[in-house]
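Position 1 is the first residue of the sequence; numbering continues from there. Both counts, for ligands and for their atoms, begin at 1 and track the order of listing.
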Amino acid sequence: MSLPTDPAANLAALIRCPSVTPAEGGALTALSGMLAPLGFSVERPVFIEDGTPDVENLYARLSGNGPHLMFAGHTDVVPPGDEQAWTHPPFAAEIANGEMYGRGAVDMKGGIACFVAALARHVAARGAPKGSVSLLITGDEEGPSINGTSKLLEWAAAKGETWDASIVGEPTNPERLGDAIKIGRRGSISGTIVVRGVQGHVAYPHLADNPVRGLVSLVEALLHPVFDKGTADFQPTNLEVTTIDVGNPATNVIPGKATATFNIRFNDSWTAETIQAEVHNRLDRAARKSKLRPGKTEPVDYELVWRGRASPVFLTSNDKLIRTLSGSVEAVTGRYPALSTSGGTSDARFIKDYCPVVEFGLVGKTMHMVDERVPLDDLEMLTRIYERFLADWFA
Ligand SMILES: N[C@@H](CCC[C@H](NC(=O)CCC(=O)O)C(=O)O)C(=O)O
Ligand SMILES: [Zn+2]
Ligand SMILES: [Zn+2]
């Protein structure tokens with residue numbers, strides 16, 4: 001039986017599966033077909049929760065004597081957007097000028113394709129790894145992330161699975177392969193402020209209470225001063241207001257209600273609880289200020305609703321894992337990668353509760369864009385990095 005040693009062939013098969021989140025789209029079936037000849041046992045649990053789409057996931061395991069390495073990632077992809085705007089169709093895996101085009105090429109079917117190719121080459125050259133390898137692949141990373149990695153980890157752990165280390169194949173390099181591995185991520189939390197006023201006539205403001213005035217004071221208090229200036233390991237905390245909604249079509253009516261939603265990316269000077277407390281303090285102080293509400297003595301009538309689950313900030317401190325992966329990257333690219341914690345959250349935030357986790361994948365420049373694409377040379381180089389890592393880790 002032929003082994004899936006060619007990362008470009010693996011990736012083409014995956015891209016041709018239109019697995020726009022939360023659809024499986026055939027991608028997990030294609031992946032199962034690649035893993036079976038390598039001796040993996042494959043399970044595909046579906047997780048469900050009210051109010052969220054059902055999602056199919058994959059857990060594949062190759063058992064051996066020695067440490068257990070988990071490769072984690074996702075086969076779901078973001079929608080292609082305007083398909084006419086693509087130079088090559090988003091689910092065709094066409095190659096032009098040495099690059100393969102397609103949704104998921106770098107985020108992150110490409111990482112999965114390379115890891116499978118690396119495993120296949122390892123098995124072909126050296127036989128089965130001197131330990132256990134599992135692939136923990138979700139179809140719910142680009143979606144709500146409710147029926148994906150977190151439930152898959154719980155499900156596998158409940159069956160007695162334990163892991164010694166994990167590598168996540170998300171794109172981590174800003175410009176060139178070898179730029180950076182990710183050893184942590186900032187936390188994330190979102191909230192909505194609802195300000196209630198009194199609706200009335202614009203020409204009779206003393207009879208009304210404009211909630212927009214109150215909301216502006218509250219939002220200003222969240223934007224200044226900055227939360228911190230960054231830490232040794234992380235970028236500064238940033239808060240972005242993502243939408244302000246009043247929905248008032250009339251120009252002569254003071255509205256009765258105004259809302260603002262924000263998202264905070266916080267570093268390790270905070271926890272979800274301490275950043276929430278800071279936000280509450282700032283809002284309470286600002287609610288008592290009357291600068292924008294002359295004549296009003298009562299505080300702004302507001303409610304703060306936290307949305308969804310907070311993502312925790314985390315930093316991996318396992319030197320052996322970081323040094324092994326960095327060494328494998330250097331051995332193939334000639335460059336020692338920076339240890340980065342920049343960017344958004346990833347499913348590593350769930351894995352860190354089970355074992356040390358680091359991330360390394362392709363160059364992320366075109367992820368989520370029209371014409372997402374990957375140089376074939378990068379696929380080959382990432383495969384060699386993963387193959388080297390497998391050899392180094394199990395050594
Ligand atoms: N949909 C999920 C998580 C959203 C995760 C998203 N992460 C990225 O965009 C990764 C980009 C990078 O690697 O820097 C985010 O940070 O928002 C959820 O809703 O929880
Ligand atoms: Zn991704
Ligand atoms: Zn993504």
**Asked** Do Glu24 and Arg44 sit within salt-bridge range, that is, some charged N less than 4.0 Å from a carboxylate O?
**Response**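 Judged by the 4.0 Å cut-off on N to carboxylate O distance, Glu24 and Arg44 do form a salt bridge.
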**Message:** Closer than 4.0 angstrom, basic N to acidic O: yes or no for Arg196 and Asp209?
**Reply:**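 Salt bridge absent between Arg196 and Asp209.
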**Message:** Side-chain heavy atoms under 4.5 Å apart, restricted to Ile/Leu/Val/Met/Phe/Trp/Tyr: what other residues fall into the cluster of Val363, or is it alone?
**Reply:** none
Under a 3.5 Å threshold, yes or no: a donor from one side chain and an acceptor from the other, between [X] and [Y]?
X: Ser63; Y: Ser132; result: no
X: Asn263; Y: Ser188; result: yes
X: Ser269; Y: Asn267; result: yes

**Prompt:** Which atoms of the protein, restricted to N, O or S, are nearer than 2.8 Å to the Zn ion (ligand 2)?
**Reply:**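 Short answer, with waters excluded from the count: His74 NE2, Asp107 OD1, Glu170 OE1, Glu170 OE2.
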**Request:** Write out all pairs satisfying salt bridge (Lys or Arg N to Asp or Glu O under 4.0 Å) with one or both partners inside residues 141-167, taking only residues at least two apart or from two chains.
**Result:** Glu43-Lys159, Glu49-Lys151, Arg61-Glu161
**Item:** Cation-pi, Trp393 ring and Lys320 (6.0 angstrom, 45 degrees)
**Value:** yes
**Fill in**
Between Ser346 and the options Lys182, Glu170, Glu359, the side-chain hydrogen bond (donor to acceptor under 3.5 Å, both in side chains) test singles out Glu359
**Complete:** Within the heavy-atom cut-off of under 4.0 Å, ligand 1 is lined by Glu141, Gly143, Pro144, Ser145, Arg185, Arg265, Gly343, Gly344, Thr345, Arg349
